Engineer: 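Quick one: the structure is below, and I'll ask about it shortly.
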Amino acid sequence: QVQLVESGGGLVQSGGSLRLSCAASGSIFGISFLGWYRQAPGKERELVAVITSGGTTNYADSVKGRFTISRDNAKNTVYLQMNGLKPEDTAVYYCNVHSWTTWGTEIGDYWGQGTQVTVSS
């Protein structure tokens, strides 16, 4: 059983930076997508950034050039470095791990509890 715990959220001024961490307990098996999602009030949850077990990254257009996702396999941790924060980035940020066996069977889809990021004008 995998449990994810996010940390690093908080209040920051526009233009500031913040680094979110997602620590996983338990083993993550197989092929995995490690992602950060966010949900602002009144909006649907959206994918912000993802990094695969192979190291490939992808970002939402709204955060390209400002956010960087990375991982530390030894620590079982994924990070989201957020620079040049804007008020539009205000949301609850969730860590997600979605994993499959190499033959395509889903192993698990795990979510953290979320961490609040608030960017003031």
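Predicted, not measured: the structure shown is a model, and the values here were computed from it.
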Engineer: Strictly distance-based, threshold 3.5 Å: is any side-chain N or O of Arg71 a donor or acceptor partner for the main-chain N or O of Val78?
Structural biologist: no

Engineer: How about Glu106: does its CD atom have over 12 heavy atoms from other parts shown lying under 6.0 Å from it?
Structural biologist: yes

Engineer: Walk me through whether Leu80 and Arg19 qualify under side-chain contact (heavy atoms from CB on, under 4.5 Å).
Structural biologist: CA-CA 6 Å; Leu80 185 67; Arg19 189 179 78 157; over 6 Å; no

Engineer: Side-chain donor-acceptor pair under 3.5 Å between Asn83 and Ser17, yes or no?
Structural biologist: yes

Engineer: How far apart are the closest heavy atoms of Ser14 and Pro87, and which atoms are they?
Structural biologist: OG-CD, 3.8 Å

Engineer: Is there a chain of hydrophobic side chains (I, L, V, M, F, W, Y, each step under 4.5 Å between heavy atoms) that links Val50 to Val48?
Structural biologist: no

Engineer: Working to the nearest 0.5 angstrom, can you tell me the gap between Asn73 CG and Leu34 CG?
Structural biologist: 8.0 Å

Engineer: If we ignore hydrogens and angles and just use 3.5 Å, is the side chain of Glu6 paired with the main-chain N or O of Gln113 as donor and acceptor?
Structural biologist: yes

Engineer: Enumerate the disulfide bond (SG atoms under 2.5 Å apart) contacts for residues 11-49, please, sequence neighbours excluded, ordered by first and then second residue.
Structural biologist: Cys22-Cys95

Engineer: Side chain of Tyr94, backbone of Gln39: donor and acceptor closer than 3.5 Å?
Structural biologist: no

Engineer: Could you tell me whether a side-chain N or O of Ser21 sits under 3.5 Å from a main-chain N or O of Tyr79, the two making a donor and an acceptor?
Structural biologist: no

Engineer: Do other residues, nucleotides or ligands put more than 12 heavy atoms under 6.0 Å from the CD atom of Glu88?
Structural biologist: yes

Engineer: Please round to the nearest 0.5 Å and tell me the distance separating atom CG of Asp109 and atom CH2 of Trp100.
Structural biologist: 7.5 Å

Engineer: Kindly determine whether Ile69 and Tyr59 satisfy side-chain contact (heavy atoms from CB on, under 4.5 Å), including the steps that lead there.
Structural biologist: CA-CA 9 Å; Ile69 188 170; Tyr59 300 90; 3.5 Å; yes

Engineer: For residues 51-58, which side-chain donor-acceptor pairs fall under 3.5 Å, sequence neighbours excluded?
Structural biologist:
from  : atom 1 : to    : atom 2 : distance (Å)
Thr52 : OG1    : Gly54 : N      : 3.1
Thr52 : OG1    : Gly55 : N      : 3.3
Thr52 : OG1    : Thr56 : N      : 3.2
Ser53 : OG     : Ser32 : N      : 3.3

Engineer: Could you please spell out the steps behind the side-chain contact (heavy atoms from CB on, under 4.5 Å) verdict for Ile31 and Thr102?
Structural biologist: CA-CA 6 Å; Ile31 300 170; Thr102 54; 4.2 Å; yes

Engineer: As an exercise, state the distance from CG of Leu85 to CG of Leu11, rounded to the nearest 0.5 Å.
Structural biologist: 11.0 Å

Engineer: Salt-bridged, Asp89 to Lys86, with N to O below 4.0 Å?
Structural biologist: no

Engineer: Does Tyr110 offer a backbone N or O that forms a donor-acceptor pair with the side chain of Asn96 under 3.5 Å?
Structural biologist: yes

Engineer: Ser62: which residues meet the side-chain hydrogen bond (donor to acceptor under 3.5 Å, both in side chains) condition with it, sequence neighbours left out?
Structural biologist: Arg38

Engineer: With a 6.0 Å cut-off on ring centres, are Phe67 and Trp36 close enough?
Structural biologist: no

